[in-house]
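Only one structure is covered here, and it is reproduced in the block below.
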Amino acid sequence: MPGFVEWGLELVRRASSDLSPDVEAVVRRGRDAEPEGSTARNVLDSILENVEMSRADGTPICQDTGLTSFFVHLPKGYDAEAIRADLQEAIRQATKLGYLRPNSVHPITEKNTGDNVGVDLPHIEFEPAADDAVTIDLILKGGGSENCGAQYRLPDASIKAGRDLAGVERCVIDAVHKAQGQGCAPGILGICIGGDRAGSYMGAKKQLLRHLDDVNPDPKLAELEATLLSKCNQLGIGPMGFGGLTTLLGVKIGWMHRHPASFFVSIAYCCWADRRRRLVVRDGVAQVL
């Protein structure tokens, strides 16, 4: 019977080569909103053609296959370290097969490990599962979009941002304006309000696991997500920074309790190629969603 090496390999293959339907649908809506013959529409047409070719050929959507992050919800009775080892082996095999580009580089020697396995790579987090299924979320995030991430400490006089949702809004618009077309716009934002510096960054990244068509259960945050998506798409940055109506595809916001002295706003920027997939294993049967 297949195990987590084989299942993990298929999870990576699907994430790398098959863009999630909810993301593709929003890209198509963005393309249809751009004027006929415009550069923005042509760019989005090229993106959609690339999506279709990658899916048909089983090749990576983007040459920068990014760094790998797994978020595992594990029921009682499973060996977390055994699953960690299996997922590491899945990454090695995925790299050898060309689903991932070797991206793990030593920060001092600059030596590439060659297999995308290194210190905290792949990044794997374990949490208890709510039921008897093993659920593994995977996100592949390229370096260009990672460089466009940002963290603000409020209050921030430079952008006139106070410790409130209006201040959060100013932070996000400032970050998108600074990113311009870098990070392969149109982008998707994961945002975390609160937490400590490290936790807030990871909280922002986890927001990128949400589907673009979901609705935040907090009415205030749902309203802020919609407002920020609208306002950022009025900046005129457009696909790849060439101008247009589609600068962002989605905005997803979460929060964490914070220390009274600290108010962080962390922003994880993802390129249009939001490469995320979920593996669910129940009673020995695996499904990639």
Regarding Arg31 and Asp45, does a basic nitrogen lie under 4.0 Å from an acidic carboxylate oxygen?
yes
Ignoring hydrogens and angles, write down the donor-acceptor pairs under 3.5 Å from the side chains of residues 282-289, residues two or more places apart or on other chains.
{"unit_1": "Arg282", "atom_1": "NH1", "unit_2": "Asp132", "atom_2": "OD1", "d": "2.7"}

For the side chain of Glu34 and the backbone of Gly244, is there at least one donor-acceptor N/O pair under 3.5 Å apart?
no
Salt-bridge criterion met for Asp18 and Arg277 (N-O under 4.0 Å):
yes
Using 4.0 Å as the upper bound for N to carboxylate O, is an ion pair formed by Asp174 and Lys178?
yes
Mind checking the CG-CG spacing from Leu97 to Leu9? Nearest 0.5 Å is all I need.
6.0 Å
Note: Asp218-Lys220 ion pair, threshold 4.0 Å (strictly below):
no
Going by heavy atoms in the side chains, are Ile191 and Val251 under 4.5 Å from each other?
yes
I'd like to know if the side chain of Ser200 reaches the main chain of Gly194, judged simply by a donor and an acceptor atom lying under 3.5 Å from each other, with no hydrogens or angles considered.
yes
Taking it one step at a time, do Leu19 and Arg55 satisfy side chain to side chain contact (heavy atoms under 4.5 Å, CB included)?
CA-CA 8 Å; Leu19 191 66; Arg55 183 176 292 136; 4.2 Å; yes
For Ser20 and Val23, indicate whether the former's side chain and the latter's backbone hold a donor-acceptor pair under 3.5 Å.
no
Please check if Val172 and Phe263 belong to a single hydrophobic cluster, counting links between Ile, Leu, Val, Met, Phe, Trp and Tyr side chain heavy atoms closer than 4.5 Å.
yes
Working note: Asn147 + Tyr269, criterion side chain to side chain contact (heavy atoms under 4.5 Å, CB included); need CA distance, chi angles, decisive distance, verdict.
CA-CA 8 Å; Asn147 289 341; Tyr269 187 104; over 6 Å; no
Treating Asp137 as the side-chain partner and Arg278 as the backbone partner, does any N or O pair qualify as donor plus acceptor under 3.5 Å?
no
Distance col, row Leu249:CG vs Glu24:CD, nearest 0.5 angstrom, shows 12.0 Å
Sidechain-backbone polar pair: Arg163 side chain, Leu154 backbone, donor-acceptor under 3.5 Å
yes
Between Arg28 and Glu52 (salt bridge meaning N to carboxylate O under 4.0 Å), is one present in this structure?
yes
What pairs with Asn103 under side chain to side chain contact (heavy atoms under 4.5 Å, CB included), at least two apart in sequence or on another chain?
Asp64, Thr65, Leu67, Arg101, Asn116
Within the 4.5 Å heavy-atom criterion, are Trp255 and Cys192 side-chain neighbours or not?
no
Should Val27 and Pro186 count as side-chain neighbours, where that means a heavy-atom distance under 4.5 Å?
no
Any side-chain heavy atom of Tyr201 sitting closer than 4.5 Å to one from Ile267?
no
Salt bridge between Glu81 and Arg84, side-chain N to carboxylate O under 4.0 Å?
yes
salt_bridge(Lys252, Asp274) N-O dist < 4.0 Å:
no
Within one Ile-Leu-Val-Met-Phe-Trp-Tyr cluster: Ile188 and Leu235, side-chain cutoff 4.5 Å
no
Taking side chain as C-beta onward, heavy atoms only, is Asp115 less than 4.5 Å from Ile91?
no
Would you say Ser266's side chain and Ala204's backbone share a donor-acceptor pair under 3.5 angstrom?
no
Ser54 side-chain N/O to Val51 backbone N/O, donor-acceptor pair under 3.5 Å
no
Between Glu6 and Arg13, does any side-chain N to carboxylate O distance fall below 4.0 Å?
no
Is there a path of hydrophobic side-chain contacts, each under 4.5 Å between heavy atoms, that joins Leu209 and Val72?
no
Rounded to the nearest 0.5 Å, how far apart are CG of Leu138 and OG1 of Thr68?
7.0 Å
Once ring-ring contact (aromatic ring centres under 6.0 Å, His included) is applied, do any residues pair with His259, and if so which ones, sequence neighbours excluded?
none
Close side-chain approach of Arg276 and Phe71, heavy atoms under 4.5 Å
no
Is any side-chain heavy atom of Trp272 less than 4.5 Å from a side-chain heavy atom of Asn50?
yes
Treating Asn233 as the side-chain partner and Leu248 as the backbone partner, does any N or O pair qualify as donor plus acceptor under 3.5 Å?
yes
Could you give the distance from CD1 (Ile61) to CD1 (Ile47), rounded to the nearest 0.5 Å?
11.0 Å
Could you pull out every donor-acceptor pair under 3.5 Å between side chains of residues 223-232 and any protein atom, sequence neighbours left out?
{"unit_1": "Glu225", "atom_1": "OE1", "unit_2": "Arg210", "atom_2": "NH2", "d": "3.4"}
{"unit_1": "Glu225", "atom_1": "OE2", "unit_2": "Arg210", "atom_2": "NH1", "d": "2.9"}
{"unit_1": "Glu225", "atom_1": "OE2", "unit_2": "Arg210", "atom_2": "NH2", "d": "3.3"}
{"unit_1": "Glu225", "atom_1": "OE2", "unit_2": "Asn216", "atom_2": "ND2", "d": "2.9"}
{"unit_1": "Glu225", "atom_1": "OE2", "unit_2": "Ile253", "atom_2": "N", "d": "2.8"}
{"unit_1": "Thr227", "atom_1": "OG1", "unit_2": "Glu223", "atom_2": "O", "d": "2.9"}
{"unit_1": "Ser230", "atom_1": "OG", "unit_2": "Gln234", "atom_2": "NE2", "d": "3.1"}
{"unit_1": "Lys231", "atom_1": "NZ", "unit_2": "Glu169", "atom_2": "OE2", "d": "2.5"}

Going by atom types alone, do Asp57 and Thr59 pair a side-chain donor with an acceptor below 3.5 Å?
no
Scan residues 72-128 for pairs that pass ring pair (Phe, Tyr, Trp, His ring centres under 6.0 Å), counting only residues two or more places apart or in two chains.
none
Treating Ser262 as the side-chain partner and Arg258 as the backbone partner, does any N or O pair qualify as donor plus acceptor under 3.5 Å?
no
Let me check something: do Leu121 and Leu208 share a hydrophobic cluster, defined by ILVMFWY side-chain heavy atoms less than 4.5 Å apart, either directly or through other members?
no
Between Arg275 and Ala273 (side chain of the first, backbone of the second, donor and acceptor by atom type, cut-off under 3.5 Å), is there such a pair?
yes
In chain order, what residues pass the side chain to side chain contact (heavy atoms under 4.5 Å, CB included) check against His177, with sequence neighbours excluded?
Gln180
Are the side chains of Leu11 and Phe70 in contact, using a 4.5 Å heavy-atom criterion?
yes
